[in-house]
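Note: hydrogens, waters and symmetry copies are ignored here, and every other heavy atom, side chains too, is used.
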Amino acid sequence: MRFDLDGLPVYFPYAAIYPEQHAYMGELKRALDARGHALLEMPTGTGKTAALISLITSYSLANPSRPLRLLYCTRTVHEMEKTLAELRLLFSHLPPAAARSLLALGLSSRKNLCVHPEASASAARDSVDTACRRLTASWVREKAASDPDSTQLCEYFETFDRAAAAGDLASYMPPGVYTLADLRSLGRERRICPYYLARQMVKYANVVVYSYQYLLDPKVASIVSREMQKECVVVFDEAHNIDNVCIEALSVSIRKQTLEGAERNLRRISQEIDRFKATDANRLRAEYNRLVDGLAQRGNLPISDAWLANPSLPDDILKEAVPGNIRRAEHFLAVLRRLVRFLDGRLETENVENEMPVSFVASIHSQAGIDQRMLRFCYDRLQSLLLTLEITDTDEFMHIQTICDFATLIGTYTRGFSIIIEPYDDRMPNIRDPVIQLSCHDASLAIQPVFDRFQTVVITSGTLSPIDLYPRLLNFNPVISRSFTMSLTRDCICPMVLTRGSDQLPVSTKFDMRSDPGVVRNYGRLLLEMASAVPDGIVCFFVSYSYMDGIVNSWNDMGILQDIMQHKLVFIETPDVVETTLALDNYRKACDCGRGAVFFSVARGKVAEGIDFDRHYGRLVIMFGVPFQYTLSKILRARLEYLRETFQIQEGDFLTFDALVLIPLRLQGMRAYLFIDFV
């Protein structure tokens, strides 16, 4: 389908268009014309993705003098694949000459792209990364050049390296749309590494689809996205929780296990330093001289050696000389040992402590003799040392990396953070589990570089209301801020709010009522009645894992769970990803074969954030309570105080906003919503 939108020819991959899609594309075009940022809300199921990629691709084709590149950010791999499928459909509706000139690809971690038989066999992402470095690090390849019989290399990476050196990568990836599965198939067929090929080709692609972290987490963004130009349109899809993603990217937790692991890491590094002193002291001396000139002078690392970049340092800091008392490897290790001992001592407290970075850094200086400038350079100094020592087992050094991440952040930022030390978990007050939490309260710290760097950033989701809160939380000024409603030809959604059970007793998930046997029984009877009347799938969302576990156990003791299973099978989400994936697969099978099923999930869990229960997979949705955050959390209390003082956002407004945007409205084609305890 081709139509005219205010003088712009738009190519659309479907034969019909919703009125809200047309209006959505009109507002998006205004933002592109103004070269400003946009905040757009449109209900799930109305075709936001198709509208976005159609308008931006058509806009770029219509303006060849200043072509735009699209960076489309998703939360999950599942959403990434759906977006790439929409792109493939769109490309099939473009003029042949235009389609043959465009390249679109997805980029994910090594774990999702690696095709090496041994490296890809690891279950954990960090293990795959380490296995890759063992086969591709520059020093490993140098050793293989002199002694090929004793050193194993990755043939897929070697093909990539030869093609990159010859400037021939484009011949491996002609224009088109490449999903993650396509990239893996291409890698196996052409014997080339799909991960590094995609990493290199994102520089030339017209559309790149990847994770939020590739732009918001500075440790990853400065490696993967550093060459993206200002003439890019950045889209954050399903961005209702983008403030939490930003905060998590700059927050660090340290426990006893972290410190014990860091001490083991330091002993291993010390042994490696002694080995290099005996065999190749010149490498350590060359590193010292390089650090005198500043971190920026170390030049561009080989693509296989780049691990994680600094979490916070701006370019002007990187040009400074590294402090003299951490240039020598032995001196730097001594500083880290003192820092680990200091943190270990702070974990011995019996009371909850809350400090700002300034006072915490002052304590480190007075007790451990480490000043703010030394802390600021810890992360990059560690990366430089690990490269000098030619360490490939990067997953073994995650503990000391966490310590250096913590040190660099508190040495860089003076506002927007709190250091909270808790000796006990509030929910398990009798078990000592001390933790130091560097908590970021200001989401704008992570996303501000994105707003400053790119000409247009689009934040969109099906649930952004109240929409006026996002500019304050993220500290930006959108040129377009608009909410759209869904066009419905019939009443296909039936929302209901329930406050009393069948025996007319009030039901509530309030803390003082949630464990009442009458409330639990009424909830169970309600679900039983729904299971006997509603066909196919029913999805139930609870406010937390602990509450879900408790109520399911109570239903089992009352015999209600057995009665429900007379009508439908029951599947439960757990914190374990593998278990939850298996439960979801079996839930879908039960719905497909006509048996019907009930899926118990958590409003803040993985299922609520990234899975579509469309068609017969979700004929009814039951929300047991409002998914407010745990209001006694010290981290949440500190953030609420910061938001009140800095952005004048009141506690009640933020808690309500945070709970309502997380109500899972990714449910397409539903017949009914049942909200319990929403008044």
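- For Arg415, the CZ atom is loosely surrounded, since the number of other residues' heavy atoms within 6.0 Å does not exceed 12.
- In this structure, the side chain of Thr408 does not engage the main chain of Asp405 through any donor-acceptor pair within 3.5 Å.
- Looking at heavy atoms from C-beta onward, Glu396 lies out of side-chain contact with Thr130 at the 4.5 angstrom threshold.
- For the pairing with Ile421, the side-chain contact (heavy atoms from CB on, under 4.5 Å) check across Val352, Ile254, Thr349, Leu343 returns one residue only, Thr349.
- Atom CG of Asp433 and atom CD of Gln257 lie 6.5 Å apart (nearest 0.5 Å).
- A salt bridge is defined here as a Lys NZ or Arg NE, NH1 or NH2 lying under 4.0 Å from an Asp or Glu carboxylate O, and Lys111 with Asp129 fails to meet this definition.
- Taking every heavy atom of both residues into account, Glu355 and Ser363 meet most closely at OE1-OG, 4.1 Å.
- Within the 4.5 Å cutoff, no side-chain heavy atoms of Leu336 are placed close to those of Ile269.
- Within the 4.5 Å cutoff, the side chain of Gln437 has no heavy atoms near those of the Ser251 side chain.
- Considering Leu103, Val202, Leu70 in turn, Val202 is the only one that fulfils the side-chain contact (heavy atoms from CB on, under 4.5 Å) rule with Val208.
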Could you walk me through whether Arg184 and Tyr178 pass the side-chain hydrogen bond (donor to acceptor under 3.5 Å, both in side chains) check? CA-CA 10 Å; Arg184 290 192 296 268; Tyr178 295 85; over 6 Å; no
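- Nearest heavy atom pair, residue Ser418 against residue Met356, reads OG-SD, 4.0 Å.
- A 4.5 Å side-chain heavy-atom check between Leu474 and Ile459 finds at least one atom pair inside the cut-off.
- When all heavy atoms of Arg432 and Pro423 are compared, the pair lying nearest together is NH1-CB, 3.5 Å.
- Atom CG of Asn265 and atom CD1 of Ile403 lie 9.5 Å apart (nearest 0.5 Å).
- Across all non-hydrogen atoms, the minimal contact from Leu375 to Gly411 is CB-CA, 4.2 Å.
- Without hydrogens or angle criteria, Arg381 side chain to Arg327 main chain gives a donor-acceptor distance under 3.5 Å.
- Partners of Arg337 by side-chain contact (heavy atoms from CB on, under 4.5 Å), not counting sequence neighbours, listed by chain and number: Leu266, Ser270, Leu333, Arg341.
- Checking each of Gln213, His240, Met80 against Arg75 for a side-chain contact (heavy atoms from CB on, under 4.5 Å) leaves exactly one that passes, namely His240.
- Contact check on Asp371 versus Arg373 returns no salt bridge, with no Lys/Arg side-chain nitrogen under 4.0 Å from an Asp/Glu carboxylate oxygen.
- The pair Arg275-Glu272 meets the salt-bridge criterion, since a charged nitrogen lies less than 4.0 angstrom from a carboxylate oxygen.
- Residues Arg190 and Tyr156 bring no donor and acceptor atom of their side chains to less than 3.5 Å of each other.
- Heavy-atom minimum distance, Ala368 versus Arg338: O-NE, 2.7 Å.
- Expressed to the nearest 0.5 Å, how far CG of Leu636 lies from NE2 of His441 amounts to 10.0 Å.
- Taking the six-membered ring for Trp and thresholds of 30 and 60 degrees, Phe160 and Phe157 have ring planes inclined between 30 and 60 degrees apart.
- Under the 4.0 Å criterion applied to side-chain N and carboxylate O atoms, Glu260 and Arg255 are not assigned as salt-bridge partners.
- Counting heavy atoms of neighbouring residues, nucleotides and ligands inside a 6.0 Å radius, atom CD of Glu189 does not exceed 12 of them.
- Ring orientation note: the planes of Phe406 and Phe360 are nearly perpendicular, at an angle over 60° on the 30°/60° scale.
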I'd like to know whether Ile447 forms a side-chain contact (heavy atoms from CB on, under 4.5 Å) with Asn475, so could you lay out the CA-CA distance, the side-chain angles of the two residues, the decisive distance to 0.1 Å, and finally the verdict. CA-CA 9 Å; Ile447 202 172; Asn475 194 24; over 6 Å; no
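- Taken to the nearest 0.5 Å, the CG atom of Leu250 stands 6.5 Å off from the CG atom of Leu445.
- Note on Asp237 versus Lys82: no salt bridge recorded, every NZ/NE/NH1/NH2 to OD/OE distance being 4.0 Å or above.
- At a threshold of 4.5 Å between non-hydrogen side-chain atoms, the residues Leu135 and Val140 do not count as touching.
- With hydrogens and angles left out, the side-chain atoms of Thr179 and Asp182 include a donor and acceptor closer than 3.5 Å.
- By the 4.5 Å heavy-atom criterion applied to side chains, Glu422 and Pro434 are not counted as neighbours.
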Acceptor/donor pairs from residues 161-172 side chains to any protein atom, 3.5 angstrom cut, sequence neighbours excluded:
| residue | atom | partner | partner atom | Å |
| --- | --- | --- | --- | --- |
| Asp161 | OD2 | Arg141 | NH2 | 2.8 |
| Arg162 | NH2 | Thr159 | OG1 | 3.4 |
| Asp168 | OD1 | Ser171 | OG | 3.0 |
| Asp168 | OD2 | Ser171 | OG | 3.1 |
| Ser171 | OG | Asp168 | O | 2.7 |

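- Rounded to the nearest 0.5 Å, atoms CG (Asp393) and CG (Leu386) are 11.0 Å apart.
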Determine whether Glu263 and Leu259 satisfy the following criterion, side-chain contact (heavy atoms from CB on, under 4.5 Å), listing intermediate values before the conclusion. CA-CA 6 Å; Glu263 289 176 349; Leu259 297 176; 5.5 Å; no
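- When the options Ile436, Val252, Val361 are evaluated for a side-chain contact (heavy atoms from CB on, under 4.5 Å) with Ile419, the one that passes is Ile436.
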Between Tyr196 and Thr136, does the side-chain contact (heavy atoms from CB on, under 4.5 Å) criterion hold? Intermediate values first, please. CA-CA 11 Å; Tyr196 283 111; Thr136 63; 4.1 Å; yes
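- A donor-acceptor pair is defined here as one N or O able to donate and one able to accept, closer than 3.5 Å; no such pair exists between the side chain of Ser60 and the backbone of Ile56.
- Nearest heavy atom pair, residue Tyr413 against residue Pro357, reads O-CB, 3.4 Å.
- Inter-residue side-chain proximity for Phe236 and Leu216 is flagged as met; some heavy-atom pair is nearer than 4.5 Å.
- Within the model, atoms CG of Asp274 and CD of Glu330 stand 8.5 Å from one another, a figure rounded to the nearest 0.5 Å.
- For the pair Ser120 (side chain) and His116 (backbone), a donor-acceptor distance under 3.5 Å is present.
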Determine whether Leu197 and Leu186 satisfy the following criterion, side-chain contact (heavy atoms from CB on, under 4.5 Å), listing intermediate values before the conclusion. CA-CA 10 Å; Leu197 178 62; Leu186 184 150; 3.6 Å; yes
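- The closest side-chain heavy-atom distance from Tyr214 to Leu71 is not below 4.5 Å.
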